[in-house]
Amino acid sequence: MTRFAASSLALFFACCCAGQTPVVPAQIPSSEASLQALGHGAFPVVVTQTLDSSKLSKGDVVEAETGGSFKLPDGRLVPKGSKLTGHVTVATARSKGAAKSELGIIFDRVRVPNDGELKLETMVQAVYPPALEADPGVVNGYTMSKDGGPGYLPPDIKTGSNPDALVRIDVVVDLNSVGVQGLKNLELKRDGVLSSPGGQRVKLGRGMRLVVQVIVFG
């Protein structure tokens with residue numbers, strides 16, 4: 001157990017002994033995160049640059065942004081889209097001759113509008129695929145169909161005119177979740193390090209969503 005994890009665990013038991021209820025974040029919809037009170041809790045993050053364990057090295061600086069708005073313990077608001085800065089703690093890839101593919105990231109600063117940069121220490125708690133983008137549609141456009149003409153609407157709008165088509169379901173981010181959600185060939189270890197058991201590298205593309213646990217604030 002790391003020093004940070006031990007500190008967090010000690011804080012949890014201290015709160016329980018004092019009869020206080022630890023902060024438990026509520027579920028956040030993928031479309032728009034509602035305001036959350038942040039103690040030593042968690043918040044959503046969106047990856048804004050491709051993070052590839054075969055191209056990164058320990059100590060490299062990485063950036064992302066908050067995936068929802070939340071409040072700090074002192075009441076200050078951190079808006080959705082605020083810039084996060086962190087660094088790589090582990091970066092190995094089988095494609096580069098390493099025994100296993102792993103990627104560890106810690107975010108340690110968040111830039112708050114009109115308030116500068118604030119220090120924090122986080123650990124990755126969960127990983128989600130990118131959110132689905134809404135289809136803008138076309139007014140009076142064509143729908144591919146065997147019999148339908150312009151403006152035809154298929155009986156099942158989820159599958160269109162092809163009932164055998166695959167339908168991707170958007171996975172809702174839950175701040176209480178732990179581990180990898182809706183993704184294959186990716187695992188999350190207890191220390192927040194991502195690994196790919198059968199892959200040549202660990203790669204987080206733009207738009208992928210994380211839930212990070214705040215270990216230390218300020």
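Since the model is a prediction, treat every value here as computed from it, not as a measurement. We use all heavy atoms of the structure for the numbers below, so side chains are in, but hydrogens, waters and symmetry mates are not.
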Inter-residue atom distance Ile106.CD1 - Met123.CE, 0.5 Å rounding: 9.0 Å
Is there a path from Val88 to Leu51 through hydrophobic residues (I, L, V, M, F, W, Y) whose side chains come within less than 4.5 Å of each other? yes
List in chain and number order the residues that pass salt bridge (Lys or Arg N to Asp or Glu O under 4.0 Å) with Asp108, two or more places apart in sequence or in another chain; answer none if no residue qualifies. none
Taking side chain as C-beta onward, heavy atoms only, is Pro197 less than 4.5 Å from Asn185? yes
State, yes or no, whether a side-chain contact exists between Pro44 and Thr66 at a heavy-atom distance under 4.5 Å. no
Not counting sequence neighbours, which residues clear salt bridge (Lys or Arg N to Asp or Glu O under 4.0 Å) with Arg111? List them please. Glu117
Quick one: are Ile215 and Thr122 in side-chain contact, heavy atoms under 4.5 Å? no
Output for pair (Leu210 CG, Phe107 CZ), nearest 0.5 Å, gives 6.0 Å
Is the backbone of Val178 close enough, under 3.5 Å, to the side chain of Gln181 for a donor and an acceptor to pair up by distance? yes
Those residues that, when tested against Leu186, pass side chain to side chain contact (heavy atoms under 4.5 Å, CB included) (two or more places apart): Val127, Val180, Leu183, Leu194, Val202, Leu204
Applying side chain to side chain contact (heavy atoms under 4.5 Å, CB included), name anything that partners Ala93, two or more places apart in sequence or on another chain. Ser53, Ser54, Ser95, Lys96, Ser101, Arg201
Donor-acceptor pair, side chain of Arg109 and main chain of Glu121, under 3.5 angstrom: no
Main-chain N/O of Val211 paired with Tyr128 side-chain donor or acceptor, under 3.5 Å: no
Short question: side chain of Gln125, backbone of Ser177 - any donor-acceptor pair under 3.5 Å? yes
To the nearest 0.5 Å, how far apart are OG in Ser195 and NZ in Lys100? 8.0 Å
Taken to the nearest 0.5 Å, the spacing of Gln213 CD from Leu175 CG works out to 9.5 Å
So Val110 and Phe43, do their side chains get closer than 4.5 Å, heavy atoms only? no
Ignoring hydrogens and angles, write down the donor-acceptor pairs under 3.5 Å from the side chains of residues 55-65, residues two or more places apart or on other chains.
from, atom 1, to, atom 2, distance (Å)
Asp60, OD2, Ser57, N, 2.8
Glu63, OE2, Lys83, NZ, 2.9

Heavy-atom nearest pair, Ala98 first then Thr92, reads CB-CB, 3.9 Å
Heavy-atom closest pair, residues Leu118 and Asp115: CD2-O, 4.4 Å
Just jot down the salt bridge (Lys or Arg N to Asp or Glu O under 4.0 Å) partners of Lys189, sequence neighbours excluded, or say none. Glu102
Write down the atom of Pro130, the atom of Arg206, and the distance for their closest heavy-atom approach. CG-O, 4.2 Å
Could you tell me whether a side-chain N or O of Arg209 sits under 3.5 Å from a main-chain N or O of Pro129, the two making a donor and an acceptor? yes
